[in-house]
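By convention here, the first residue in the shown sequence is residue 1.
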Amino acid sequence: MALGDLMTSRFSQLSLAVSNHVIDGNVSSGGYHEDDVAYADLMSQRRDLDAASTSSYANAVTSTATVPTTMAYLPQTVVLCELRHAAFEASAPTGPSDSGLVSKWRPKDRMKTGCVALVLCLNISVDPPDVIKISPCARMECWTDPFSMAPQKALETIGKNLRDQYERWQPKARSKVELDPTVDEVKKLCNTCRRYAKSERVLFHYNGHGVPKPTANGEIWLFNKSYTQYIPLPISDLDSWLKTPSIYVFDCSAAGMVVNAFIELLDCGTSNYPGSSRDCILLAACEAHETLPQSAEFPADVFTSCLTTPIKMALRWFCTRSLLHESLDSSLIDKIPGRQNDRKTLLGELNWIFTAVTDTIAWNVLPHDLFRRLFRQDLLVASLFRNFLLAERIMRSANCSPISYPMLPPTHQHHMWDAWDMAAEICLSQLPSLVEDPNAEFQPSSFFTEQLIAFEVWLDHGSEHKKPPEQLPIVLQVLLSQCHRFRALVLLGRFLDMGPWAVDLALSVGIFPYVLKLLQTTTPELRQILVFIWTKILALDKSCQVDLVKDGGHVYFIRFLNSAEAYPEQRAMAAFVLAVIVDGHRRGQEACIEAGLIQVCLKQLHGFTQNEAQTEPLLLQWLCLCLGKLWEDFTEAQTISVQADVPAICAPLLSEPQPEVRASAVYALATLLDVGFDSFRDGIGGDEECDDVEKNRAEMIIIKSLLNVVSDGSPLVRAEVAVALAHFAFGHKEHLKSIAAAYWKPQPNSLLNSLPSLANIKGTGSGNIVSSQIGPLTAMVRDGRVSTSSPLATAGIMHGSPLSDDSSQLSDSGILNDGVSNGEVNHSRPKPLDNAMYSQCVLAMFTLARDPSPRVASLGRRVLSIIGIEQVTKSVKPAGNSAWPSDPANSLSTPSISGLARSTSWLDINGGHMPLTFRTPPVSPPRQNYLAGIRRVCSLDFRPHLMNSPDSGLADPLLGSASGSERSLLPQSTIYNFSCGHFSKSLLTASDDSEELLAKREEQERFALEHIAKCQHSSVSKLNNNSQIASWDTRFETGTRTALLQPFSPIVIAADENERIRVWNYEEASLLNGFDNHDFPEKGISKLCLLNELDDSLLLVASSDGNIRIWKDYTLRGKQKHVTAFSSIQGHKPGVRSLNAVVDWQQQSGYLYASGEISSIMLWDLDKEQLVNSIPSSSDCSVSALASSQVHAGQFAAGFVDGSVRLYDIRTPDMLVRTTRPHTQQVARVVGIGFQPGLDQGKIVSASQAGDIQFLDIRSQRDTDLTIDAHRGSLTALAVHRHAPIIASGSAKQLIKVFSLKGEQLGTIRYQHTFMAQKIGSVSCLTFHPYQVLLAAGAADACVSIYADDNSHTR
């Protein structure tokens, strides 16, 4: 299968895993998380089966009538299960590494052998005294018979041959031969070689066939000048002359003696050269007790022949053992046609196969670090060791064991030798015909094809936990051949995709130089797979960026990124590779700018913003990240980009549906805010940047764009906004400090009640926190004095800020002077931006500091510390059970608890590490830690002597004199490192557990359908006090506020006013988990919902202030994890103290509906984590109850404070379907609302506080179909079963009534007197089990009871 097809098919299968598309009205969610790729697969399979499960939004509402009944009840949407949800709060991700484990594969110091010293002690025609030769005896030396010519000529010929044999392996090394030398000649030779080689390796080859064996002390023998005596040369002398690095080859009997002496020398540390132990390599022909083979079938120097002429030696040895030995004349072996380095010839092919086989044996047998040292560091050493493996095989057949230092494990029986024998036999069988006819065509061996098949089989069945594929070094060799290259690259790509461990293995086998070299090819079909392979390598190891730029590899990827025919996912990979190349690498940044990378990226982004076509989100994400990395800390690139109007091109991406794209766009824009930081390094103050009009305009556009996403639904995006604002605040801190000082200046005449709260000021539908309505703020700082009429001068301008109540009557003179010196604002130049913009930035910083996501909030607090605002919390324990003082002014006026105080130093704030909170002191009893006060921090700019104080804490430098090092203390962006994680995961295969997830899902669907049918068809019998199956004392001090029953396990979840959540198993009566929703609760929890209930469910917790927090693993004690958090309500009505948020979740559409004391209903898409609509509620009153249809996506109903009910459908153009006023007897707020079970549209049940329950059919003209007067003036809760024809209502009079949909009362549950004769509190919440007739009731007395009808009871 061609790689293009492979990649296309794999990528199309994975389109769900890397992007979020809306299909058939279902917002699918794939994911980068391993488990979530499985989800994506699962979803796609389900979609094939159930394409008609929900209607398209564009269709008429009536089209949903055709939905198959069963599937309509089982939503296919899965949300919030992507990589970003797995660990955003838990950890800061790390990107590709450039140190540690991954760089081990890189040879520390590539080396070459610069000099070869050849010493031959043959003394032809004189046998040494300790050798008794057999007859016939081995005679050949370097394939020359020394007795075929005069001794001196033979000696010279052998010396020349040996030099030629070595030069074939290392042509550039200088070779020197000494024939039958004296000790002095050898000393001179060694010193000359070391001097010439400098720090390179020297090879010393010793042939001692004409002298006695080495002595027990490890001395080798040479001659005296007259050849009358043998003179010993101690190995220590040799070592002292040759020094290190060096490699010794000893071809003589008992050569092991020398090796033993050398090892002893190294162990004793008596080596003459420091560090010689580090890089000395020895190869010896046999062990200390052995003599060399004398059989005539071998040459006399069989060891040297194996090391220097391996193919000839291997074939001669093999030929005598092969079936061909009768038909093949061994003399033909010398006539093998071709050249060793030409793989298209017979000799070249044999050499290539031999290299692959020996490399493979070594790779599979040796430890990887030893393999890298011997086989990848030095070409000549690698060749000698490959050939040494052959020597071991051949010489062991003659009972002789070559040895080496470092020692190698035995390899002579490795099964890859069988593959070599077979390949050799096939090649030799062609030899006679090729020698006869030089024009005959040589048929290449099938060796490499077979090995690739074996590798492919391993890929189909192997894994990280199995033995690595032994063919990896062969794949490397195959890359050299054009005919196999494409297939080898595809298989290599599949292997690398298995995980970082696979990339590390491939790099350690030596893949890097090969794939680097391939970037110089222009073959079009290799481009996709090469980009894929480089993506995998760089996702693991960033250090390759240097090699890529040095070899011009970046140009390859820029061209690929610019090619229109490449798939967007593949172009995203090229953008990733380029981002890694420029990441923190100035040379890479310069090279990419020269090659036009900015223009290429902008062209693609511009094309996207113009066309409005759906572009692959991964590509958009990486275009932004690539640009951001290119601009980071590089003023020249930033200037080019500002001139190219980049801010205007990137701004539209901030409304993209994918949070990763939005976060990456924020990051890219934020790096442009760094323009002008270079001036800091020159010691110029942050506010004294050159007043460049173009730069200011760009900065204005960027800041305006960023302010629009301060309240984005994804914490990933908000974290990037916080980092961006920190950089902006650092550059503009003087202006921002004066604004912040004025913001905290308390006014004697509070305008609090007459001014709109800033949180209410928002742009239409975009979810921004501040907007142009803050017009008056421009007049704020006038001549250095604060205008008291300015809205920002009022401390309580922001809802929920610590002074947004009567405490703003307090006054503390002199606060403004922290930002204002002697009555004048300390500016030496005009402001780059206007005051309105600075004011909006300050408010945005406060919004971020109060963020529901702990990580974003801590970033927000760091931003505030830059502009000199630090908030301090003290833990004050209330005495006894006394309630919190209800008058906030009193509490704040007590200096011991709090107050607006000036901090003279950072030292009394514990170095700026105290928790920071924004809270109004609550009326209800609080938790132990709560806001005690706020301190404006005096700027250290005026007190530089404090800067060097040792314990001045983190924030000091941020406020001190500007220097380059301070920037490192600013919060850093994490989106780039986070995004890199995508590429280190498998991109071509779904995760293994998709089947498991699918099976679990199917089982839960089966359970749901079975029980839905039971609920629909069984008549509900009575529910009364006798129906109680469980009762649980939650021990909530303030009573149970809301409860929820799990669909597939006997678990009930309850929460209280103080935002404590407890999880209880009602069958085993055991508490599973209990945790706080967050540290500083405000008004309790308004709703609990389950997300993805048919899969791994998540718990959505909505607080009354509109903050949404979503948890996973919430049933495991202490293991609950934050998935995401955001504020669902933005902006509320003037003068409103509390939001009283009401929310509901609709799994079918993936939408969360939220409203409260605001004039609209917010529509959040949780898959996009984005506010997609703000629907006007068409009423002056606020929403008091919300319910979404669990069958018809996009349909929801709202009940209002004035008793009116409205049905909305976001698929219709004007959204509002019908308004009705069913509660006419007495105007009272709607307490509960719900859709009646079944597929009918627009059938609603509504209950008002007055006690009446109305059954409505929006399609009929009448306002109500049926009225039940359930409770007189005291109705507190309503529950409508999702599938059974049953509803329940609760009252403040400790009473629960259960009715059928026809209005017939099915039962009454009265709370009994307890044994202490104390009446239990009013019913606070009711909830039905989604698929069974089970009712959970929570009361103000902290008790939760569960009731079952008789049918469920018997079950």
Side-chain angles (χ1 to χ4, degrees), residues 711 752-762 764-765 767 769 773 798-800 804-805 920 923 1041-1042 1057 1082-1087 1089 1102-1108 1126-1145 1151-1164 1171 1173-1188 1196-1208 1210 1215-1224 1226-1234 1244 1246-1250 1252 1254 1256 1275-1278 1324-1325:
S711 298
L752 177 69
N753 296 325
S754 60
L755 278 165
S757 161
L758 261 177
N760 186 34
I761 300 172
K762 76 177 275 303
T764 53
I769 168 76
Q773 290 187 35
M798 187 164 179
H799 168 76
S804 61
D805 40 44
T920 49
V923 179
R1041 175 75 184 266
T1042 177
E1057 289 282 352
E1082 303 232 345
K1083 295 285 184 292
I1085 288 174
S1086 66
K1087 181 91 178 216
C1089 302
S1103 302
S1104 296
D1105 59 1
N1107 283 340
I1108 305 291
F1126 63 98
S1127 176
S1128 66
I1129 292 179
Q1130 296 170 3
H1132 55 91
K1133 294 177 180 176
V1136 170
R1137 295 289 308 126
S1138 162
L1139 276 172
N1140 294 325
V1142 285
V1143 303
D1144 201 22
W1145 161 246
Y1151 289 152
L1152 179 81
Y1153 305 96
S1155 191
E1157 304 287 348
I1158 55 173
S1159 52
S1160 56
I1161 297 165
M1162 303 283 183
L1163 173 59
W1164 291 88
L1171 181 67
N1173 217 325
S1174 179
I1175 304 162
S1177 59
S1178 319
S1179 167
D1180 298 335
C1181 303
S1182 41
V1183 177
S1184 57
L1186 259 182
S1188 59
F1196 67 98
F1200 290 79
V1201 175
D1202 64 355
S1204 60
V1205 172
R1206 288 174 173 77
L1207 178 71
Y1208 300 87
I1210 60 167
M1215 304 219 191
L1216 179 62
V1217 177
R1218 171 94 191 269
T1219 304
T1220 173
R1221 293 185 174 278
H1223 304 286
T1224 48
Q1226 189 181 341
V1227 176
R1229 67 189 288 128
V1230 175
V1231 172
I1233 193 166
I1244 293 169
S1246 169
S1248 82
Q1249 203 168 2
D1252 60 319
Q1254 304 290 348
L1256 321 171
L1275 192 141
T1276 53
L1278 174 77
S1324 57
C1325 59

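For the side chain to side chain donor-acceptor pair (under 3.5 Å) test, residues two or more places apart in sequence or in another chain that qualify with Ser1248 are Asp1252. Every residue meeting the side chain to side chain donor-acceptor pair (under 3.5 Å) condition with Ser1104, not counting sequence neighbours, appears here in chain and number order: Arg1041. In this structure, Tyr1208 has no side chain to side chain donor-acceptor pair (under 3.5 Å) partners at least two apart in sequence or on a different chain.
Between the Ser1155 side chain and the Val1142 main chain, no donor and acceptor come within less than 3.5 Å of each other. Using modelled atom types, no side-chain atom of Asn1173 and backbone atom of Leu1163 make a donor-acceptor pair closer than 3.5 Å. Between the side chain of Thr1042 and the main chain of Lys1087, no donor-acceptor pair closer than 3.5 Å is present. Side-chain atoms of Ser1179 come within 3.5 Å of backbone N or O of Cys1181 as a donor-acceptor pair. The backbone N or O of Phe1196 lies less than 3.5 Å from no partner atom in the side chain of Ser1188, so there is not a single donor-acceptor pair.
Residues Ile1108 and Trp1164 fail the side-chain proximity criterion, which asks for heavy atoms closer than 4.5 Å. Contact of the Ile1175 side chain with the Ser1160 side chain is not registered, since no non-hydrogen atoms from C-beta on lie closer than 4.5 Å. Side-chain atoms of Ser1246 and His1223, non-hydrogen and from C-beta on, do get closer than 4.5 Å to each other. Looking at Leu1171 and Gln1130, their side chains come closer than 4.5 Å, going by heavy atoms from C-beta outward. A 4.5 Å side-chain heavy-atom check between Asp1202 and Arg1221 finds at least one atom pair inside the cut-off.
If you take OH on Tyr1153 and CD1 on Ile1210, they are separated by 4.5 Å, rounding to the nearest 0.5 Å.
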